[in-house]
Each structure stands twice: as structure tokens, then as C-alpha cells.
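Below is one structure, written out as C-alpha cells, with a few remarks after it.
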Protein chains: 2
Amino acid sequence: MFETVEIKDVKNEIGLLVKAIRKQRGISQIQLAKSLDVSRTTIQNLELGKNFTVNTILKVLRELDLLTQLHNEVTQAKAHVVNSKSMY
Amino acid sequence: MFETVEIKDVKNEIGLLVKAIRKQRGISQIQLAKSLDVSRTTIQNLELGKNFTVNTILKVLRELDLLTQLHNEVTQAKAHVVNSKSMY
DNA sequence: ATATTTTGACCATTATAATGATCATTATAA
DNA sequence: TTATAATGATCATTATAATGGTCAAAATAT
């Protein structure tokens with residue numbers, strides 16, 4: 001009934017998303033790697049759902065002009081947690 | 001005029017968010033570390049804005065029951081990219 | 001069709017994240 | 001107040017992400 005989403009699944013989806021965006025832009029792994037100043041292997045592993053660091057994914061988001069948006073969302077989520085007094 | 005958000009800033013905010021949620025739950029770094037099966041040092045570095053792996057943050061999100069939500073959002077974003085034909 | 005580019009798969013090496021420990025400082029409880 | 005717990009800081013070791021290379025297969029271009 002309830003499918004369980006595993007960490008592996010999320011990493012796979014992130015990889016597919018990055019690959020889809022890269023394809024949409026019509027650039028190769030090598031080109032993306034160079035613009036992020038990482039190796040092609042890092043891009044490849046990211047797209048294939050291997051483990052990677054937050055630095056790597058944030059470089060991708062920065063390239064996509066999504067860094068400020070994520071920053072705002074995290075900040076907002078934090079403020080929400082801090083402001084809402086525990087209900088228990 | 002336009003403040004530039006850097007990767008360092010986002011990691012700092014993520015760290016503060018995790019810390020805020022942990023505090024809200026009233027648990028220590030050690031308790032959180034144990035429930036995620038990681039070391040306290042890993043939690044500490046995460047909260048202090050150091051670099052960390054996607055596995056670590058996904059374990060946190062799983063603990064917060066946010067894994068399925070993130071999975072859905074990434075999948076949706078991916079579908080959006082794939083479906084929207086390039087405008088250029 | 002063939003040529004070219006891209007990608008997935010390896011692999012050895014290097015860089016660094018994760019671990020487990022200790023200690024001093026700070027925050028919280030008794 | 002004093003005792004206890006939690007946190008930040010540091011460090012040596014271990015695990016693993018990142019790098020740079022090669023090669024074969026797949027995709028794309030000519």
C-alpha cells in the first residue's frame with residue numbers, strides 16, 4: 001500500500017534530474033564538469049545515483065541559478081521551526 | 001543591490017535548520033547520531049556548515065519523514081524538465 | 001554507411017568525509 | 001551554588017568521494 005522511498009531512490013532521482021537538465025541544455029558531461037570545476041567522473045557518479053557531497057550538488061544548483069532559491073527555502077524552513085512552539 | 005548567496009551560506013543554513021529541528025525535538029547530537037547510525041562528529045560538522053555527503057543529509061530527512069516528499073519533488077521537477085520542450 | 005562524440009565502466013591515486021577518541025567551554029539540572 | 005550533560009574543537013585513523021586516465025559500447029553527426 002505504502003511504497004517506501006529509500007535513500008538510494010532519492011539519489012537516483014537526483015541523478016536523473018541533473019541529467020535531464022543537462023540534456024535540455026544540450027551540453028555534455030565534460031562541459032558541465034568544466035563549468036563546475038569538477039571531474040567528469042564526479043558528474044557521472046552523481047547522475048548514476050552514487051553517493052556524492054553537498055558541495056557537488058550545490059555547484060550544480062548554483063550553475064542553474066537555484067542557489068538563492070534553495071537558500072531562501074532553507075532559511076524560511078528554519079524560521080518556521082524556530083517560531084513554532086512545540087505542540088507537545 | 002543583489003546579495004550573492006554562496007555555497008558556504010547554504011551549508012550554514014542547512015546546518016542551522018538541522019540544529020533547530022533537533023532542538024525542537026529536544027534530543028542531543030549523540031541521540032540524533034545514533035538514530036541515523038552516524039557519528040556525533042558527522043552531525044556536528046553538518047550543523048556547523050562543513051561539507052558532508054548527500055547520504056548524511058538524506059538520513060536526516062528520512063528521520064524527519066521528509067524523504068518521500070523530497071523524492072516526489074525531484075521526480076516532479078524531472079518530469080517537468082523532460083516534458084517542456086526547449087524554448088530556444 | 002562510416003566517422004565522431006558521448007557515455008558507462010573500470011582502475012590507481014589523491015583528497016577529504018566519517019569515525020572514535022579526548023578535552024575545555026557552555027548550557028542545563030539538581 | 002555544584003554536579004551533570006551537551007557542545008565545539010582538535011586529532012589520528014579509516015572509509016570513501018574526487019580525480020585523471022583508459023577502453024568499449026552507445027549515441028550522434030557526417
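Note on naming: letters A, B, ... go to the chains in the order of the sequence lines (proteins, then strands), and numbering restarts at 1 for each one. Values below: all heavy atoms of this structure, side chains included; hydrogens, waters and symmetry mates excluded.
Counting to the nearest Å, the C1' atom of D:dC11 and the NZ atom of B:Lys50 are 14 Å from each other. Computed from coordinates, the B:Leu48 CG to C:dT26 C1' distance equals 14 Å when rounded to whole Å. Note: CG (A:Leu46) to C1' (C:dT7) measures 15 Å, nearest angstrom. Rounding to whole angstrom units, CD of residue A:Gln29 and P of D:dT28 are separated by 13 Å. Atom NZ in A:Lys23 sits roughly 15 Å away from atom P in D:dA26 (whole-Å rounding). As rounded to whole Å, 14 Å separates atom P of C:dA27 from atom CZ of B:Arg22. Distance A:Asn12 CG to C:dG8 P: 13 Å, rounded to the nearest Å. One atom, CD of A:Glu47, and another, P of C:dA9, lie 12 Å apart when rounded to the nearest Å.
When both distances must be under 3.5 Å, the Watson-Crick or G-U wobble mate of D:dT10 is C:dA21. When both pairing distances are held under 3.5 Å, C:dG8 makes a Watson-Crick or G-U pair with D:dC23. As the counterpart of D:dT4, C:dA27 is assigned, both hydrogen-bonding distances of the Watson-Crick or G-U wobble pattern falling under 3.5 Å.
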Could you give me the CA-CA distance, side-chain angles and deciding distance for A:Leu61 and A:Leu58, then say whether side-chain contact (heavy atoms from CB on, under 4.5 Å) is met?
-> CA-CA 5 Å; A:Leu61 296 182; A:Leu58 290 184; 4.1 Å; yes

Steps toward side-chain contact (heavy atoms from CB on, under 4.5 Å) verdict (A:Thr4, A:Glu6) | CA-CA 6 Å; A:Thr4 69; A:Glu6 298 175 17; 4.3 Å; yes

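B:Ile30 comes within 4.0 angstrom of nothing in the nucleic acid, heavy atoms only.
Counted within 6.0 Å of CD on A:Gln31, heavy atoms from surrounding residues, nucleotides or ligands total more than 12; the atom is thus considered enclosed.
Note on B:Lys34: every side-chain N or O is 4.0 Å or more away from OP1 and OP2 of C:dG20. Close to D:dA6, at under 4.0 Å from its OP1 or OP2, lies no side-chain N or O of B:Lys19.
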Using the 3.5 Å cut-off, write out each protein N or O paired with an N or O of nucleotides 16-21 of chain D and the distance between them.
{"unit_1": "D:dA17", "atom_1": "OP1", "unit_2": "A:Asn51", "atom_2": "ND2", "d": "2.7"}
{"unit_1": "D:dA18", "atom_1": "OP1", "unit_2": "A:Thr53", "atom_2": "N", "d": "3.3"}
{"unit_1": "D:dA18", "atom_1": "OP1", "unit_2": "A:Thr53", "atom_2": "OG1", "d": "3.0"}
{"unit_1": "D:dA18", "atom_1": "OP1", "unit_2": "A:Thr56", "atom_2": "OG1", "d": "2.8"}
{"unit_1": "D:dT19", "atom_1": "OP2", "unit_2": "A:Ser39", "atom_2": "N", "d": "2.8"}
{"unit_1": "D:dT19", "atom_1": "OP2", "unit_2": "A:Ser39", "atom_2": "OG", "d": "2.9"}
{"unit_1": "D:dT19", "atom_1": "OP2", "unit_2": "A:Thr42", "atom_2": "OG1", "d": "2.3"}
{"unit_1": "D:dG20", "atom_1": "N7", "unit_2": "A:Thr41", "atom_2": "OG1", "d": "3.3"}
{"unit_1": "D:dG20", "atom_1": "O6", "unit_2": "A:Thr41", "atom_2": "OG1", "d": "3.4"}

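Across B:Lys11 and A:Val54, no two heavy atoms sit closer than the pair CD-CG1, 3.7 Å.
Taking 4.5 Å as the limit, every side-chain heavy atom of B:Leu70 sits out of range of all side-chain heavy atoms of B:Leu66. In this structure, the side chains of A:Arg25 and A:Glu63 come closer than 4.5 Å at one or more pairs of heavy atoms.
A salt bridge links B:Glu47 with B:Arg22: the closest approach of a Lys/Arg side-chain nitrogen to an acidic carboxylate oxygen falls below 4.0 angstrom.
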